[in-house]
Amino acid sequence: MMSNEDSILIFEYFTASGEKDKCIISEAEALIFNLLDDLKDYNLTLVIDKSYEDLIGEYENVNPILIEENLIDWLENNATKYKKAIFIAAENDNNLYNISKILEDNNVETYNSSAEACSISSNKFKTYESLFNIVPQPRSFKIKIDPKGYWKRAIDNLYKKWKSEDPLSSFKIILKPLNGVDCEDIVILEDIDDLSYDLEKIFPPGSRILVQDYIEGIDVSVSLLCDGRNAIPICLNEQFVELKNDRGTYLGGRSPFTSKHKDEAFEMAIKACESVEGLKGFVGVDLKINTDNEHIYDVYFLELNSRFTTPYVGLKQIVNFNIGKSIIEMIDGKIDIGDIDVSLDGVVEFKKLKNSLNIRRL
């Protein structure tokens, strides 16, 4: 068995926590096992829930640790044993920030973004404030859902104010949780009369939401590599987002996406990443390519994901370099981010189909 001194601690939050929702797990498994494949030249210590023991398979370079306790508790008790770590987690319940903070507090070097960068990117309004006047963004406002219903009056006033600035144009607003992921709990209002107290079933009292001017257009993302200061784009991705009953659901995407606004999207994504200190490794920037004549800019910044995102599993099929290995070498100082030569061979589609993530080259 390899020593902790020579091994990189690696894990994915849901597979290490024993999550059983098949829709979540299909994506989680794809992410962690693609990363394990990328890092086959390194000694790894994989933390995974005991219920997934049969999934591990045979890896000569992997020492599996099967746990039955809460992952956060395990990390708090064991992180100090390791010098380096790379992990996959999302913003749910502040998991991304909490894990980063635990590892930092135990002096573990990570191949992920810093806890502070995760704190900014995990909170949509913090991101908005950090990038204000740096990249074009939809008008945004933060509101707390209070039990007496004052939140509804605040949104009503905000809607009327924004609408009055251009009364002849169609107008929508979008509501989303400050720490949501994958379009979860997104609500689009085409008319202020649709603002009902039923929304408290989605946004319970005490929760905080972001209210934004809705931009009509094409949902895209840019996948990048970051070294803590600098960023290079890998690919412009189309996002498959389903709007049903004024609710948004992320269903996957296609890479690369061809657009005349590609260079502008790349430039905006780089500027956003380099404006938030501490972003490292694989990072995603969500953008909207404007398709109406009612907004000023062709491309708008929406969100920053300081973590591995779904396009990684698709891009791995078409990039000319090893993404995971490049992250390790870049942060270890063995290569410079500017030395990474990015090119793509082909087109790949990744779609959530019921309880599976389907990946295919086109």
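If you read the sequence from its start, that first residue is 1, and numbering goes on from there. All values below were derived from every heavy atom in this structure, side-chain atoms included, with hydrogens, water molecules and symmetry-related copies excluded.
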Enquirer: Is it true that a side-chain atom of Glu274 and a backbone atom of Ala231 form a donor plus acceptor pair closer than 3.5 Å?
Expert: yes
Enquirer: State whether Lys160 and Asp156 are salt-bridged, where the test is any N-O pair (Lys NZ or Arg NE/NH1/NH2 against Asp/Glu carboxylate O) under 4.0 Å.
Expert: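 So Lys160 pairs with Asp156 through a salt bridge.
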Enquirer: Report the distance from atom CD1 of Ile209 to atom CD1 of Ile155, rounding to the nearest 0.5 Å.
Expert: 4.0 Å
Enquirer: Could you label the plane-to-plane angle of the Phe87 and Phe11 rings as parallel, tilted or perpendicular, counting under 30° as parallel and over 60° as perpendicular?
Expert: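 The rings of Phe87 and Phe11 lie parallel, inter-plane angle below 30°.
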Enquirer: Can you name the nearest heavy-atom pair linking Leu39 to Lys325, along with the distance?
Expert: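 For Leu39 versus Lys325, the nearest heavy atoms are CD2-N, 3.7 Å.
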Enquirer: Side-chain donor-acceptor pair under 3.5 Å between Ser356 and Asn358, yes or no?
Expert: no
Enquirer: Any non-hydrogen side-chain atom of Arg139 less than 4.5 Å from a side-chain atom of Lys161?
Expert: no
Enquirer: State yes or no: do Ile67 and Ile56 share one hydrophobic cluster built from I, L, V, M, F, W and Y residues joined by side-chain heavy-atom distances below 4.5 Å, directly or via other members?
Expert: yes
Enquirer: Say you draw a straight line from CD1 of Ile331 to CD of Glu109; how long is it, rounded to the nearest 0.5 Å?
Expert: 7.5 Å
Enquirer: Going from CD1 on Ile10 to CD on Glu12, what distance comes out if it is rounded to the nearest 0.5 angstrom?
Expert: 10.5 Å
Enquirer: Carefully, step by step, assess Glu129 and Lys142 under the rule salt bridge (charged side-chain N to carboxylate O under 4.0 Å, His left out).
Expert: CA-CA 11 Å; Glu129 290 184 311; Lys142 179 176 65 173; 6.0 Å; no
Enquirer: So, the side chain of Glu19 versus the backbone of Asp21: is there a donor-acceptor pair under 3.5 Å, distance only?
Expert: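 Yes, the answer is positive, given that a donor and an acceptor are paired below the 3.5 Å cut-off.
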Enquirer: If you compare all heavy atoms of Asn61 against all heavy atoms of Asp41, which two are closest, and at what distance to 0.1 Å?
Expert: ND2-N, 4.4 Å
Enquirer: Quick one: does NZ or CZ of Lys124 land under 6.0 Å from the six-membered ring centre of Phe301, within 45 degrees of the ring axis?
Expert: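 Ring-cation test returns no.
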Enquirer: Take Ser26 and Lys352, measure what side chain to side chain donor-acceptor pair (under 3.5 Å) needs, and give me the verdict at the end.
Expert: CA-CA 9 Å; Ser26 64; Lys352 294 181 180 181; over 6 Å; no
Enquirer: To the nearest 0.5 Å, what is the distance between OG on Ser121 and CG on Leu279?
Expert: 6.5 Å
Enquirer: Taking the side chain as every heavy atom from C-beta outward, state whether Val283 and Leu304 have any atom pair closer than 4.5 Å.
Expert: yes
Enquirer: Please confirm whether the backbone N or O of Val108 pairs with a side-chain atom of Asn106, one donor and one acceptor, at under 3.5 Å?
Expert: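 Here the side-chain-to-backbone pair does not exist.
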Enquirer: Report yes if the side chains of Tyr250 and Thr309 come closer than 4.5 Å at any heavy-atom pair, otherwise no.
Expert: no
Enquirer: Any side-chain heavy-atom pair from Phe282 and Ile234 closer than 4.5 angstrom?
Expert: yes
Enquirer: Under the salt bridge (charged side-chain N to carboxylate O under 4.0 Å, His left out) test against Glu238, which residue among Lys262, Arg254, Lys351 passes?
Expert: Arg254
Enquirer: How long is the gap from CD on Glu91 to CG on Leu178, to the nearest 0.5 Å?
Expert: 12.0 Å
Enquirer: Between the side chain of Gln137 and the main-chain N/O of Leu131, is any donor-acceptor distance below 3.5 Å?
Expert: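 The answer is yes, because a donor-acceptor pair under 3.5 Å joins these two groups.
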Enquirer: Honestly curious: do Leu224 and Ile328 fall in one hydrophobic cluster under the side-chain, below-4.5 Å linking rule?
Expert: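 No, it is not one cluster - the side chains of Leu224 and Ile328 are not joined through contacts under 4.5 Å.
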Enquirer: Please answer: with hydrophobic residues joined when any side-chain heavy atoms are less than 4.5 Å apart, are Leu9 and Ile88 in the same cluster?
Expert: yes
Enquirer: List the residues meeting side-chain hydrogen bond (donor to acceptor under 3.5 Å, both in side chains) with Lys22, not counting sequence neighbours, and say none if there are none.
Expert: none
Enquirer: Grab the two heavy atoms, one from Phe350 and one from Pro311, that are nearest each other, plus how far apart they are.
Expert: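 Reported closest heavy-atom pair: CZ-CA, 3.6 Å.
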Enquirer: Could you tell me whether a side-chain N or O of Asp93 sits under 3.5 Å from a main-chain N or O of Asn95, the two making a donor and an acceptor?
Expert: no
Enquirer: Do the side-chain N and O atoms of Asp332 and Tyr111 include a donor-acceptor pair separated by under 3.5 angstrom?
Expert: yes
Enquirer: With distance as the sole test, does Asp219 use its side chain to make a donor-acceptor pair with the main-chain N or O of Gln239 at under 3.5 Å?
Expert: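 Not confirmed, Asp219 side chain does not pair with Gln239 backbone.
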Enquirer: Please answer whether the main-chain N or O of Ile120 pairs with a side-chain N or O of Thr127 as donor and acceptor at a distance below 3.5 Å.
Expert: yes
Enquirer: Any donor-acceptor pair under 3.5 Å linking the side chain of Asp38 with the backbone of Asn322?
Expert: no
Enquirer: Take Lys280 and Asp227, measure what salt bridge (charged side-chain N to carboxylate O under 4.0 Å, His left out) needs, and give me the verdict at the end.
Expert: CA-CA 5 Å; Lys280 293 187 297 180; Asp227 64 5; over 6 Å; no
Enquirer: Step by step, would you call Asn34 with Leu31 a side-chain contact (heavy atoms from CB on, under 4.5 Å)?
Expert: CA-CA 5 Å; Asn34 274 277; Leu31 285 165; over 6 Å; no
Enquirer: Do Ile359 and Ile25 share a hydrophobic cluster, counting only Ile, Leu, Val, Met, Phe, Trp and Tyr and linking them when any side-chain heavy atoms are less than 4.5 Å apart?
Expert: yes
Enquirer: Would one find more than 12 heavy atoms of other residues, nucleotides or ligands at under 6.0 Å from atom CD of Glu76?
Expert: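 Count over threshold, so yes.
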Enquirer: Quick one: does Asp146's side chain have a donor or acceptor within less than 3.5 Å of a partner on Trp151's backbone?
Expert: yes
Enquirer: Would you indicate whether Arg153, at its atom CZ, is surrounded by more than 12 heavy atoms from other residues, nucleotides or ligands within a distance under 6.0 Å?
Expert: no
Enquirer: Indicate the atoms forming the closest heavy-atom contact of Ser259 with Leu236, along with that distance.
Expert: CB-CD2, 4.1 Å
Enquirer: Quick one: closest heavy-atom pair of Asp292 and Glu216, and the distance?
Expert: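 Between these two residues, the closest heavy atoms are OD2-CB, 3.5 Å.
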Enquirer: With a 3.5 Å cut-off and no angle check, do the side chains of Asn237 and Ser223 form a donor-acceptor pair?
Expert: yes
Enquirer: Same cluster for Val347 and Leu315 if Ile/Leu/Val/Met/Phe/Trp/Tyr side chains link at under 4.5 Å?
Expert: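 No, because Val347 and Leu315 fall into different hydrophobic clusters, even though each may have its own neighbours under 4.5 Å.
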Enquirer: What is the distance from atom CZ of Phe14 to atom CD of Glu27, rounded to the nearest 0.5 Å?
Expert: 9.0 Å
Enquirer: Hey, what's the ring geometry for Tyr59 with Phe33, parallel, tilted or perpendicular (30° and 60° as the breaks)?
Expert: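 Tyr59 and Phe33: parallel rings.
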Enquirer: So with a 6.0 Å cut-off around CG of Asn320, is the heavy-atom count from everything else above 12?
Expert: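 It does: Asn320 CG has more than 12 such atoms within range.
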Enquirer: Verify, without hydrogens or angle tests, whether Ser7 (side chain) and Thr45 (backbone) share a donor-acceptor contact under 3.5 angstrom.
Expert: yes
Enquirer: Please find the pair of heavy atoms, one from Met330 and one from Cys226, that lie closest to each other, and give the distance.
Expert: CE-O, 3.1 Å
